[in-house]
Structure formats: structure tokens, C-alpha cells
Amino acid sequence: MHSRRKFLHTVSLSAASLPFINLKKSFMKDHFDETKTLRVAIMGLGSYGTRVAEAMQSCTRAKLVGVISGTPSKIKDWQSRYNIPGKNCYNYETYDAIKNNPDIDAVYVITPNALHHDAVIRIAKAGKHAICEKPMAINPQQAKEMINACKMANVKLLVGYRMHFEPHTLEVIRMRKAGEMGKILFFQGLSGFVIGDPTQWRLNKELSGGGAMMDIGIYSVNGARYMTGEEPVWITAQETKTDKEKFKDGIDETIQFEMGFPSGAVASCLSTYNMENLDRFFLNGEKDFVEMMPSTGYGPIRAKNSKGEIQQPDVIHQTVQMDEMAAIIFDNKQPVVPIDGEEALKDMTIIEAIYKAAKTGNKIML
Ligand code: NDP
């Protein structure tokens, strides 16, 4: 109802649009039909799940209708906070039964990284669309299995790449595609923060699949690809570790990596759990540069070029992402930068190559 009201208000501002309203009644009915709302169950009611749930309260096409959690007290709390009926609540043992629940279209997996693989496969088998947080999985093999499971079940697999819908990011991509920056020569991506509690799952390889690279470095990997518009053909990487107690084997603290692209453009990036406020993209072309800082945080995102600040609206990333996902799932809308499993598999393949390059010291050809 809310979106219908907003739409009617917008079109009623123009007298010329009145005939449009009369003529297009059937279009509007289709467009705003309740069944076209993406009804989502969130799996994993942790810190990011909570942020997504809050953001979804402002969605016009997506709605939080269910939960999957291992913590009964959280389920109770979310039920009263978001008016979630008991029949849409599951735990990790019971959620295959979601198959028989016609009131849920998609499950959004927001659990530790290593748990995404099994969850997405079970969701696909239950015949529901799968939305999965980044990193999609902990290696390319898992990612491929997830893609195949969703294909077999004929459900969509989307990954929570919220920056792919962020207005400043999309404007920079538009400028680059329009040739306003000239030939792209160089990208720099800096992604990092200081991680706290040493006992958290992010520092446990069994659950995280890796360290900073899996968690935050992935923003520079993915950003290098959407900012340059190219896929890397070679990778080099160096790892440094200042705290071997906190960052055990398989948990990278800091990795500096370089990527080469077919056009000759290069990227130089830093992924770390040991430096605060590291959230900056820099794209340099023959005609102009763009600096984004912050570039991938929750916002507001800021971007500038030689002419000054690039003005774009500030949005709640997760609200826009979920509404766009509804359009992708129901209307087959094609986002400017893909968010499907194949897109996420590319990041997984690059991250695997970065780890290999850091370990061996070799230049890895892709
Ligand atoms: P949290 O630890 O805050 O939450 C994870 C939740 O997963 C837990 O609260 C728990 O929920 C559930 N869970 C199930 N099994 C386990 C387990 N063995 N150990 C710990 N938790 C478990 O993590 P985040 O919310 O920060 O991260 C979750 C995912 O979201 C990660 O993949 C991360 O990379 C991604 N993320 C993405 C962001 C983005 O901007 N796109 C930002 C932050 C995170 P319950 O008690 O309900 O079962």
C-alpha cells in the first residue's frame, strides 16, 4: 500500500499524467500486486542481519516475513519487533520445511562465511530463491556447487553486493563507460579496519575461510573489477603478519596485492585487519581521476574528481539492494553490475589466486 500511495502521489503531481492513470490501471495493478513483493526470511540474526532487517523496514518491494536462527531468544525478539508469525520461524534443523511454506519467496543467508555453502544448497533444494552474503563461499569449488544447485532447482542466487546499487558508485561507473575519464590506467583499493575480539568467528578459519581478505579485502577485489570494468589476467601478492597469536595460520592479517588487466591497466590494493579507516578507492584515467572515500562503508559514500565533489543522493544501501533484488527476481531486471553467483565466483577465484600468490611469491596468471 505504501508504495502504491507514493506512486500515486508522484504521478498526481503532473496534470498531464492523469490520462496515463486511467489508461494504465492494469499496468499499475500488476506493478504493485502484493504477490510481487519479495517476502524474505533472514538466516542468522547477528550484527549484519539486524542491519538488513532494519533497512528492510523502508523497502517498497521487499518485506521481512521470516527468520532462521539458532537462538530462540532472538527469534522471540524479532517476532515481536517485526511482527513475524510463528509459522515463519525456523532453526537450522527445521528450515528444510520452508519448502512447504508458500509465504516465503527467498532466504537471505547472513551467517559466518563457511556456512553459506550448505545453507544455499538447502535453500535451493527447498525451492526458494537464495540471497547470500559476501564472501559467497570460502573457495571457488563451493561457489560452483552453489551455482549449480540453484540452477538445478530453477531458483535465483543473488549475492549481497550492496555497492552495486550505490548511486556514487554507479555514477563513477557511468562516467568511466561514457569515456569521461579517458583510458583507465590505474586503480587503488584500500580496505581495512582493526578487528577486535580475538575469539570471534572472523578469526576462526573453520568459520571464516580466511582473514581480512575474505571479509574486507573482497571489497577491493570486487571494486577493482567494477571500477575498471575489466577482469584481471595476473596477480601478485605479499602478506605481512604482526600478530601471529591473534592471526593464526590461514587467517591473513594484511595482504598487499596487485592485479593486471587486459588493457594494461593495473591495480594496487591493500586488505587488512590491522589499520583503522582504510576505505578508499582511486581510479586514474588519461583524462581524469576519481577518488572515493569512504568507498564501501555503510555511507555516506563520497566521490570527487578534478571538477570537485560528485553529487549523488545518499541512500541506505541495504534498502535499495533489497528492492532491486525484488526487481531482479520478479522482473528479471539486469543490474548495471551483476550480483549473481557467477559474479561472486569471479571474486572467489581471484581471492584464491591472491592467497596462492602470497604463499608462493609467484605471479599467478588467470
Ligand atoms: P555475526 O557474528 O554478527 O552474526 C552471524 C550470525 O550467524 C550469528 O548471530 C548467528 O545467528 C548465526 N550463526 C550460525 N552459526 C553460527 C556460528 N557457528 N558462529 C557464529 N554465528 C553463527 O556476523 P555478521 O552479521 O557480522 O556477518 C555475517 C555475514 O554477513 C558474513 O558472511 C559477513 O561477511 C557478512 N557481512 C556483510 C556485510 C556487508 O556489508 N555486505 C557487513 C557485515 C557482514 P543466530 O543466533 O540467529 O543463529
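Just so it is clear, the values below take in all heavy atoms, side chains as well, and ignore hydrogens, waters and symmetry mates. Just follow the structure's listing: the first ligand is 1, and inside any ligand the first atom is 1.
Set against the non-hydrogen atoms of His116, the atoms of ligand 1 under 4.0 Å away are 32 (O). Close approach of ligand 1 to Asp215 (heavy-atom distance below 4.0 Å) involves ligand atoms 34 (O). Atoms of ligand 1 found under 4.0 Å from any heavy atom of Lys134 (numbered from 1 in listed order, with element): 32 (O), 33 (C), 34 (O), 35 (C), 37 (C), 41 (N). The atoms of ligand 1 that sit less than 4.0 Å from any heavy atom of Gly44 are 7 (O), 11 (O), 12 (C), 47 (O).
Salt-bridge formation is not detected for the pair Arg51/Glu54: no Lys NZ or Arg NE/NH1/NH2 atom is positioned less than 4.0 Å from an Asp or Glu carboxylate oxygen. A salt bridge links Glu245 with Lys248: at least one charged nitrogen is closer than 4.0 Å to a carboxylate oxygen. A salt bridge does not link Lys134 with Glu343: none of the charged nitrogens is closer than 4.0 Å to a carboxylate oxygen. Here Asp118 does not pair with Arg122 in a salt bridge; the nearest charged N to carboxylate O distance is not below 4.0 Å. Between Glu291 and Arg280 there is a salt bridge, since at least one side-chain N of the basic residue sits less than 4.0 Å from a carboxylate O of the acidic one.
The protein heavy-atom contact nearest to atom 47 (O) of ligand 1 is Ser69 OG, 2.6 Å. The protein heavy atom nearest to atom 3 (O) of ligand 1 is Ser47 N, 2.8 Å. In terms of protein heavy atoms, atom 9 (O) of ligand 1 is closest to Lys74 NZ, 2.9 Å. For atom 15 (N) of ligand 1, the nearest protein heavy atom (residue, atom name, distance) is Leu115 CD1, 3.4 Å. Looking from atom 37 (C) of ligand 1 to the surrounding protein, the closest heavy atom is Glu133 OE1, 3.1 Å. Looking only at heavy atoms of the protein, atom 29 (C) of ligand 1 is closest to Thr111 O, 3.3 Å. Atom 19 (N) of ligand 1 has Pro112 CG, 3.8 Å as its closest protein atom, hydrogens excluded (heavy atom only). Nearest protein neighbour of atom 32 (O) of ligand 1, counting heavy atoms only, is Asn113 OD1, 2.7 Å.
Remark: ligand 1 and Gln318 share no N or O pair separated by less than 3.5 Å (distance only, no angle test). Checked against a 3.5 angstrom limit, the closest N/O atoms of Leu45 and ligand 1 fall inside it. Residue Leu207 places no N or O, backbone or side chain, under 3.5 Å from any N or O of ligand 1.
With distances taken over non-hydrogen atoms, the option nearest atom 28 (C) of ligand 1 out of Ile75, Ile110, Val159, Thr296 is Ile110. By heavy-atom distance, the residue among His317, Arg202, Arg162, Met163 lying nearest atom 44 (C) of ligand 1 is Arg202. Within the set Tyr48, Tyr92, Trp201, the minimum heavy-atom distance to atom 1 (P) of ligand 1 is found for Trp201.
The CD atom of Glu324 sits 8.5 Å away from atom CD1 of Ile339, with the distance rounded to the nearest 0.5 Å.
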Q: Could you please spell out the steps behind the side-chain hydrogen bond (donor to acceptor under 3.5 Å, both in side chains) verdict for Tyr355 and Asp252?
A: CA-CA 9 Å; Tyr355 282 142; Asp252 48 289; 2.7 Å; yes
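Residue contacts with ligand 1 do not include Arg51, since none of its heavy atoms lies under 4.0 Å from the ligand. Residue-ligand proximity: Trp78 is placed with every non-hydrogen atom at 4.0 Å or more from ligand 1. The closest approach between any non-hydrogen atom of Met214 and ligand 1 is not below 4.0 Å. Contact annotation: Tyr161 has no heavy atom less than 4.0 Å from any atom of ligand 1.
No side-chain N or O of Asn113 forms a donor-acceptor pair with one of Ser208 less than 3.5 Å apart.
By the ring-ring contact (aromatic ring centres under 6.0 Å, His included) test, Tyr273 pairs with Phe193, sequence neighbours left out.
Glu253 contributes no side-chain N or O that, together with a main-chain N or O of Ile251, makes up a donor-acceptor pair within less than 3.5 Å. Lys156 places a side-chain N or O within donor-acceptor distance of the main-chain N or O of Ile328, the cut-off being under 3.5 Å. Using modelled atom types, no side-chain atom of His117 and backbone atom of Met146 make a donor-acceptor pair closer than 3.5 Å.
Residue Phe187 forms a ring pair (Phe, Tyr, Trp, His ring centres under 6.0 Å) with just one option from Tyr226, Phe289, Phe281, and that option is Phe281.
In Val67, neither the side chain nor the backbone holds a heavy atom less than 4.0 Å from any atom of ligand 1. Residue-level proximity to ligand 1 for Gln321 is absent, since no heavy atom of it falls below 4.0 angstrom.
In this structure, Tyr298 and Tyr48 have parallel ring planes: the angle between them is below the 30° cut-off, well short of the 60° mark.
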